[in-house]
Trainee: 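The structure's right below; bear with me while I get my questions together.
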Amino acid sequence: MEGNNIQSNTRVVVVGVPGVGKTTVITKAVERLNQSGSKTQVMVFGSVMLDEAKKLGVKDRDEMRKLSVNTQRLLQEMAAKDISAVRSANIVIDTHLFINTSEGRYPGMPQNLLDILSPTQLVMISADPEEIFARRMQDDTRNRDLISIDGIKNDLEVATIMIATSSVLTGAPFKIIFNNKDRLHDAVSELVEVMSVKGERD
């Protein structure tokens with residue numbers, strides 16, 4: 001069973017640009033892990049931040065993105081400390097590598113947060129830019145910023161650089177999982193595999 005090979009206190013940071021299907025992959029992978037007997041919990045970094053931001057009068061995550069960089073930095077650190085305090089289960093941290101702000105791209109996982117979270121693994125969910133564009137156009141549940149296919153390609157390039165840099169800073173291995181059309185099952189299986197301990201690492 002997959003659950004028998006899950007590392008104790010696994011802390012996997014999973015990232016992906018908006019529209020890549022990250023949350024769907026995470027949800028199904030965690031369901032499979034829990035069904036196999038591995039107690040696994042998802043912590044959505046943005047939701048933990050929002051809990052704190054609501055105290056400032058912020059209504060939703062899209063509004064939270066418009067806060068000043070200094071305010072977002074404070075909220076990020078508070079959220080990271082809350083997540084790092086969870087010890088009762090293996091954790092999948094659902095977050096973003098960067099946030100588009102009026103001041104430019106702000107890193108979602110700067111070094112001070114990585115130090116607090118101490119991830120054991122880093123995962124980036126990716127997909128073809130054309131697919132990401134189509135998913136964004138079909139998603140009416142969020143007030144997403146409009147962006148071109150070329151813009152998405154640029155975001156993916158920046159994200160790849162950032163996750164590699166995060167791996168260097170933390171010493172945690174990183175993996176890029178592709179969630180392309182009709183391959184959701186494969187993407188889920190890969191994330192479950194990432195959460196598993198290989199014999200050579202025991």
Side-chain angles (χ1 to χ4, degrees), residues 1-7 10-47 61 89-100 108-109 119-167 170 172-201:
M1 296 288 288
E2 292 158 336
N4 294 333
N5 291 326
I6 299 300
Q7 181 180 358
T10 296
R11 199 173 293 267
V12 181
V13 171
V14 184
V15 298
V17 302
V20 80
K22 167 175 56 71
T23 300
T24 300
V25 174
I26 290 173
T27 299
K28 291 185 178 298
V30 170
E31 285 177 357
R32 190 185 300 180
L33 288 166
N34 281 314
Q35 287 170 359
S36 70
S38 299
K39 187 176 180 182
T40 307
Q41 181 177 350
V42 179
M43 302 290 290
V44 181
F45 200 93
S47 296
R61 290 178 64 178
N90 295 297
I91 304 296
V92 175
I93 302 165
D94 179 349
T95 189
H96 295 282
L97 277 170
F98 58 84
I99 304 160
N100 287 311
M109 287 284 110
T120 56
Q121 304 257 356
L122 300 166
V123 174
M124 174 178 157
I125 307 298
S126 190
D128 294 333
E130 293 79 9
E131 278 194 55
I132 296 172
F133 179 80
R135 291 171 186 171
R136 289 192 190 182
M137 295 301 291
Q138 295 168 3
D139 184 5
D140 58 2
T141 64
R142 293 284 303 278
N143 181 27
R144 298 194 187 278
D145 295 331
L146 295 178
I147 190 169
S148 66
I149 291 176
D150 284 342
I152 292 171
K153 289 180 180 178
N154 184 254
D155 279 354
L156 289 172
E157 290 172 358
V158 171
T160 301
I161 292 169
M162 292 182 77
I163 195 169
T165 301
S166 296
S167 178
T170 62
F174 78 94
K175 183 177 181 67
I176 298 176
I177 295 175
F178 286 88
N179 180 33
N180 289 323
K181 186 177 181 181
D182 301 326
R183 300 298 297 273
L184 174 61
H185 178 79
D186 293 340
V188 171
S189 295
E190 281 195 65
L191 182 54
V192 170
E193 182 69 15
V194 165
M195 295 286 291
S196 301
V197 177
K198 304 294 184 296
E200 62 266 22
R201 293 177 55 201

Trainee: Using 0.5 Å steps for rounding, measure from the CG atom of Leu184 to the OG atom of Ser189.
Mentor: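 Here the rounded value is 9.0 Å.
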
Trainee: Quick check: do Val14 and Ile125 have side-chain heavy atoms less than 4.5 Å from each other?
Mentor: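 Of all side-chain heavy-atom pairs linking Ile125 with Val14, at least one is under 4.5 Å.
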
Trainee: Can you list everything that forms a salt bridge (charged side-chain N to carboxylate O under 4.0 Å, His left out) with Asp128? Sequence neighbours excluded, please.
Mentor: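 For Asp128 there are no salt bridge (charged side-chain N to carboxylate O under 4.0 Å, His left out) partners, ignoring immediate neighbours.
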
Trainee: Between Asn34 (side chain only) and Thr40 (backbone N and O only), is there a donor and an acceptor less than 3.5 Å apart?
Mentor: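 Checking the backbone N and O of Thr40 against the side chain of Asn34, a donor-acceptor pair under 3.5 Å is found.
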
Trainee: Which residues satisfy the side-chain contact (heavy atoms from CB on, under 4.5 Å) test with Thr170, sequence neighbours excluded?
Mentor: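 Thr170 satisfies side-chain contact (heavy atoms from CB on, under 4.5 Å) with Leu114, Pro119, Leu122, Ala172 only.
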
Trainee: Does some side-chain heavy atom of Val13 sit less than 4.5 Å from a side-chain heavy atom of Val123?
Mentor: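 No, too far: nothing below the 4.5 Å cut-off.
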
Trainee: First locate atom CG of Leu33, then atom CG of Asn90, and finally report the distance between them rounded to the nearest 0.5 Å.
Mentor: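 Reported value, rounded in 0.5 Å steps: 8.5 Å.
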
Trainee: Under the side chain to side chain donor-acceptor pair (under 3.5 Å) rule, collect the residues that match up with Asn180, sequence neighbours excluded.
Mentor: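 Here no residue qualifies.
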
Trainee: Begin from the C-alpha positions of Val92 and Met195 and carry the test side-chain contact (heavy atoms from CB on, under 4.5 Å) through to its verdict.
Mentor: CA-CA 9 Å; Val92 175; Met195 295 286 291; 4.0 Å; yes

Trainee: Regarding Arg32 and Ser38, is there a side-chain donor-to-acceptor distance under 3.5 Å anywhere?
Mentor: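 Not at all, the side chains of Arg32 and Ser38 share no donor-acceptor pair under 3.5 Å.
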
Trainee: Could you tell me if the side chain of Phe45 sits less than 4.5 Å from the side chain of His96, heavy atoms only?
Mentor: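 Of all side-chain heavy-atom pairs linking Phe45 with His96, none is under 4.5 Å.
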
Trainee: According to the salt bridge (Lys or Arg N to Asp or Glu O under 4.0 Å) rule, which pairs have a member within residues 36-45, sequence neighbours left out?
Mentor: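 Pairs touching residues 36-45 that pass the test: none.
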
Trainee: Does any N or O in the side chain of Glu131 come within less than 3.5 Å of the main-chain N or O of Lys181, such that one atom is a donor and the other an acceptor?
Mentor: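 Here the side-chain-to-backbone pair exists.
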
Trainee: Are side-chain heavy atoms of Ser126 and Asn179 found at a separation under 4.5 Å?
Mentor: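 A side-chain contact is absent here, since even the closest heavy-atom pair is not under 4.5 Å.
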
Trainee: Could I get the full list of side-chain contact (heavy atoms from CB on, under 4.5 Å) partners for Asp150, not counting sequence neighbours?
Mentor: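 For Asp150, the residues satisfying side-chain contact (heavy atoms from CB on, under 4.5 Å) (neighbours in sequence not counted) are Ser148, Lys153.
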
Trainee: Under the rule for side-chain contact (heavy atoms from CB on, under 4.5 Å), what residues qualify as partners of Glu190, not counting sequence neighbours?
Mentor: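 Listed in chain order: Lys175, Ile177.
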
Trainee: I'd like to check Val12 versus Ile93 (side-chain heavy atoms, cut-off strictly below 4.5 Å). Are they in contact?
Mentor: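 Counting from C-beta outward, Val12 and Ile93 never come under 4.5 Å.
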
Trainee: Considering non-hydrogen atoms only, spot the tightest contact between Leu97 and Met162 and give its length.
Mentor: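 Scanning both residues, the minimum pair turns out to be O-CE, 3.3 Å.
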
Trainee: Distance-only check: which donor-acceptor pairs under 3.5 Å involve side-chain atoms of residues 15-31, not counting sequence neighbours?
Mentor:
unit_1, atom_1, unit_2, atom_2, d
Lys22, NZ, Asp94, OD1, 2.3
Thr23, OG1, Asp94, OD2, 3.2
Thr27, OG1, Thr23, O, 2.8

Trainee: If I compare all heavy atoms of Met124 with all of Leu156, which pair ends up nearest, and what's the gap?
Mentor: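 Distance-wise, the nearest heavy atoms are CE-O, 3.9 Å.
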
Trainee: Applying side-chain contact (heavy atoms from CB on, under 4.5 Å), can you list everything that pairs with Asp186, at least two apart in sequence or on another chain?
Mentor: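 Counting only residues at least two positions away or on another chain, Asp186 forms a side-chain contact (heavy atoms from CB on, under 4.5 Å) with Arg183.
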
Trainee: Is there a side-chain contact between Val158 and Phe98 in this structure, where contact means two heavy atoms from C-beta onward sitting under 4.5 Å apart?
Mentor: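 In short, these two side chains touch, coming nearer than 4.5 Å.
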
Trainee: Rounded to the nearest 0.5 Å, what separates atom CE in Met43 from atom CD in Gln41?
Mentor: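 Met43 CE to Gln41 CD: 5.5 Å, rounded to 0.5 Å.
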
Trainee: Specify the closest pair of heavy atoms between Ala127 and Phe178, including all atoms of both residues, with the distance to one decimal.
Mentor: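 It is N-CD2, 4.2 Å.
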
Trainee: In chain order, what residues pass the salt bridge (charged side-chain N to carboxylate O under 4.0 Å, His left out) check against Arg11, with sequence neighbours excluded?
Mentor: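 Salt bridge (charged side-chain N to carboxylate O under 4.0 Å, His left out) check on Arg11 returns nothing, list empty.
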
